[in-house]
There are 2 protein chains.
Amino acid sequence: MPDRFLRHSIKTVSERTGLSPHLIRAWERRYETILPERTDGNQRLYCDEDIERLALLKRATESGHPIRTVARLPIEELRGLAPQLPDGDQSVIGAQPLQAGSSGPRSARTGPELVESALRAITSMDASALESVLEEAVLSLGQVAVLSHVIGPLVQRVGDGWQAGTLKVGHEHLASAVIRTFLANAARPFAVHASAPMLVATTPSGQVHEIGAALVSAAAANKGWRITYLGPSLPAEEIASAAHQSHARAVALSLVHPADDPQLPEELRRIQRLLPDSTTLIVGGAAVDSYEKTLQQIGAKVCRSLNDFSAVLDGLRQGSN
Amino acid sequence: MPDRFLRHSIKTVSERTGLSPHLIRAWERRYETILPERTDGNQRLYCDEDIERLALLKRATESGHPIRTVARLPIEELRGLAPQLPDGDQSVIGAQPLQAGSSGPRSARTGPELVESALRAITSMDASALESVLEEAVLSLGQVAVLSHVIGPLVQRVGDGWQAGTLKVGHEHLASAVIRTFLANAARPFAVHASAPMLVATTPSGQVHEIGAALVSAAAANKGWRITYLGPSLPAEEIASAAHQSHARAVALSLVHPADDPQLPEELRRIQRLLPDSTTLIVGGAAVDSYEKTLQQIGAKVCRSLNDFSAVLDGLRQGSN
DNA sequence: GCCAACTTGTCAATGTTTTGTTTAGGTCTT
DNA sequence: AAGACCTAAACAAAACATTGACAAGTTGGC
């Protein structure tokens with residue numbers, strides 16, 4: 001839960017952002033990056049927004065922007081900057097040792113390591129450990145890379161483990177609940193312009209797995225879209241009606257399981273038919289190949305990776321902005 | 001149940017919280033953390049809430065918050081103090097001010113007013129407006145009261161509207177997604193003692209509505225329980241296995257719909273049979289009356305309100321703490 | 001190519017603030 | 001009268017703040 005009243009010491013900020021206290025102070029001194037409140041005794045007190053700002057600045061500098069050019073940007077612009085991250089090597093750069101202090105032994109871990117940690121948390125039914133891993137992953141890799149390098153593979157592994165019987169249904173449910181909440185938080189729109197394009201994310205009737213739709217929501221939100229997230233298994237009429245009501249520029253569907261639903265092709269056709277012409281239908285997920293012919297017929301944009309999806313979003317945005 | 005009238009000496013408080021008497025006095029002197037009553041002879045007398053407050057403060061400082069930043073927070077804030085996601089929290093802050101519309105000194109609204117606002121947000125398919133209303137509700141009523149005065153009635157109204165046809169499935173899905181995330185965040189405990197009792201929350205096979213279980217999770221988390229939240233529709237074996245693995249002191253089930261599942265009584269019996277003796281089965285939700293006989297037979301604790309539920313938790317906690 | 005000027009992360013020196021603990025001497029309860 | 005409690009003052013360790021400096025890297029002009 002957010003807290004408008006709570007203030008943090010510079011140490012906390014350092015741990016949360018991965019920036020050394022020295023550096024935080026240097027940025028303040030040289031660029032007035034942020035001017036935190038002070039205690040009576042002149043010690044700095046940061047609010048939650050300050051922490052986000054510093055985290056964004058860290059990512060911006062890691063992706064090549066010199067600090068002086070971004071230090072004074074308003075927070076919205078910084079958030080817009082973040083998606084431009086090349087999601088290759090921040091992990092290496094992020095591995096800056098913090099001060100020798102005992103509290104921050106965080107040497108940044110790579111995607112696969114984080115996925116393994118997450119799986120261990122899941123098998124031991126430890127929800128808060130799983131949350132911690134995901135949180136760590138955001139700090140290490142950045143908001144965007146986490147989606148494709150940790151969440152994506154993790155969902156895949158959990159699904160595999162479930163089908164192979166190495167994970168029980170309970171483990172899968174626990175993981176789903178935590179990941180879903182994580183993604184929902186990541187997808188929360190930050191003060192966007194009312195002019196930002198709207199994406200409706202859901203899955204069609206019969207498709208019960210919602211994580212794909214949630215993942216896509218988070219990715220789109222990070223690219224500056226507004227999101228209407230509707231959860232899983234919605235009939236064609238409902239999807240179309242929601243798209244109308246929210247003036248959606250695009251509808252994103254996730255198809256995962258089952259991959260052989262005889263009803264689904266007709267349902268997809270109906271969705272496309274009911275959708276306004278100005279609304280683009282985007283479809284992704286592990287099962288898209290099974291319905292490829294239908295998708296081609298109705299002219300839906302098919303995505304086979306989050307990168308595909310990002311590209312499609314960019315295209316739509318350019319198309320009419 | 002904590003006794004409203006009993007008063008405790010500083011020594012008792014010290015033993016219960018693990019804080020030294022000296023430190024308790026130092027906090028009082030420096031920050032007016034709490035100002036206990038006094039005897040005629042000027043010795044301190046603490047009530048149960050003071051003890052909870054001090055325990056929460058201890059946890060907060062242990063998890064890294066300097067005492068000066070948390071000492072004056074109201075108790076709801078302290079209970080709601082969660083390890084904040086590096087991204088989720090600030091976005092709420094960013095989204096908060098714009099929705100509130102009138103910029104004037106917002107006078108706190110009552111539960112029913114907030115419910116109506118929330119319903120308007122839902123019918124207009126505006127997820128972020130709904131989030132704002134819930135956020136406002138927390139500030140107006142406090143973390144705990146929100147659950148019974150806003151979320152509960154709201155869920156009821158949405159369910160009614162859905163059955164009456166005034167709300168479409170899409171509206172219901174949207175509301176569920178937002179409320180579920182809100183509750184999941186509310187249920188995030190912070191730096192919990194490993195000794196805190198564990199609650200497993202879920203719904204049995206066939207029961208597809210998970211909001212009740214999420215609601216219960218949030219309520220229990222606010223009373224200091226650790227939570228393992230497993231989402232909806234879990235088979236008896238899985239529930240029992242999760243209870244075992246997490247050493248749960250209680251399992252909470254929510255029954256809402258359907259209210260006439262012929263399989264469910266047997267499923268409930270199996271759950272009770274497979275559960276460790278040390279684990280209590282608690283059942284609540286709109287459909288408990290339909291399964292009352294079975295529930296009575298197996299000796300489950302039946303709750304018809306959140307208050308009931310809180311009382312049951314308190315009883316369990318005392319039982320072995 | 002090369003040098004000067006600038007950028008940027010890190011450190012060291014030195015003093016202050018915060019915070020949990022301790023000491024000292026008096027008061028209250030039983 | 002013993003044990004628990006009170007206030008006030010003092011301590012010491014950890015955490016912070018400020019200033020000034022340095023080294024590695026980059027930029028720009030010649």
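To find a chain, count down the sequence lines: A is the first, B the second, and so on, and within it residues start at 1.
- Between B:Arg25 and the phosphate of D:dT7, there is no side-chain N or O to OP1/OP2 separation shorter than 4.0 Å.
- Between A:Tyr31 and C:dT8, a side-chain N or O to OP1/OP2 separation shorter than 4.0 Å is present.
- Rounded to whole Å, the distance from CZ on B:Arg29 to C1' on D:dC6 is 12 Å.
- Counting non-hydrogen atoms under 4.0 angstrom, B:Arg44 reaches the backbone sugars and phosphates but no base.
- One interatomic measurement links the two molecules: CD1 of A:Ile10 to C1' of D:dA14, which rounds to 15 Å at whole-angstrom precision.
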Contact string for nucleotides 24-30 of chain C, one letter per nucleotide 5' to 3', B = base within protein heavy-atom range under 4.0 Å, S = sugar-phosphate only, - = neither, reads ----SS-
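- With sequence neighbours excluded, no residue satisfies salt bridge (Lys or Arg N to Asp or Glu O under 4.0 Å) with B:Glu49.
- Shown here are the salt bridge (Lys or Arg N to Asp or Glu O under 4.0 Å) partners of A:Arg180, two or more places apart in sequence or in another chain: A:Glu210, B:Glu210.
- At its two ends the helix from C:dG1-D:dC30 to C:dT30-D:dA1 runs along axes set 30° apart, each axis drawn from five pairs and the angle rounded to 10°.
- Straight-line distance from the CG atom of B:Leu54 to the P atom of C:dG20: 12 Å, rounded to whole Å.
- Going from atom CD of B:Glu28 over to atom C1' of C:dT19 covers 16 Å, rounded to whole Å.
- Nearer the 5' end of DNA chain C, as judged by each residue's closest nucleotide, is the contact made by A:Trp27, out of A:Trp27 and B:Trp27.
- For B:Asp50 and B:His8, the side-chain atoms include no donor-acceptor pair closer than 3.5 Å.
- The CD-P distance, from B:Glu37 to D:dC6, rounds to 14 Å in whole Å.
- Between A:Leu23 atom CG and D:dA17 atom P there is a gap of 14 Å when expressed in whole angstrom units.
- A straight line from CG of A:Leu19 to C1' of C:dG9 spans 11 Å, rounded to a whole angstrom.
- The side chain to side chain donor-acceptor pair (under 3.5 Å) test applied to A:Arg120 returns A:Ser117, not counting sequence neighbours.
- Shown here are the salt bridge (Lys or Arg N to Asp or Glu O under 4.0 Å) partners of B:Glu15, two or more places apart in sequence or in another chain: there are none.
- Among the nucleotides D:dT18, D:dC16, C:dG9, the one closest to the side chain of A:Lys11 is D:dC16.
- Shown here are the salt bridge (Lys or Arg N to Asp or Glu O under 4.0 Å) partners of A:Arg44, two or more places apart in sequence or in another chain: A:Glu28.
- Here the side chains of A:Leu134 and A:Leu114 are not in contact, with every heavy-atom distance at 4.5 Å or above.
- Taking atom CZ on A:Arg68 and atom P on C:dG9, their separation rounds to 11 Å, with Å as the unit.
- Residue contacts shown for B:Pro21 are absent, as no nucleic acid heavy atom lies under 4.0 Å away.
- A donor-acceptor contact under 3.5 Å links the side chain of B:Arg30 to the base of C:dG20.
- Under the side chain to side chain donor-acceptor pair (under 3.5 Å) criterion, B:Ser9 pairs with B:Thr12, sequence neighbours left out.
- Using modelled atom types, one finds no donor on one side chain facing an acceptor on the other under 3.5 Å when comparing A:Asp308 with A:Ser310.
- Taking only side-chain atoms of A:Ser20, from C-beta outward, the nucleotide of C:dT21, C:dT10, D:dT18 with the closest atom is C:dT10.
- Within the structure, every pair that satisfies the salt bridge (Lys or Arg N to Asp or Glu O under 4.0 Å) test and touches residues 148-157 of chain A, not counting sequence neighbours, is listed here: A:Glu116-A:Arg157.
- Across all strands shown, A:Ser9 has heavy atoms under 4.0 Å from sugar-phosphate atoms exclusively, and none from any base.
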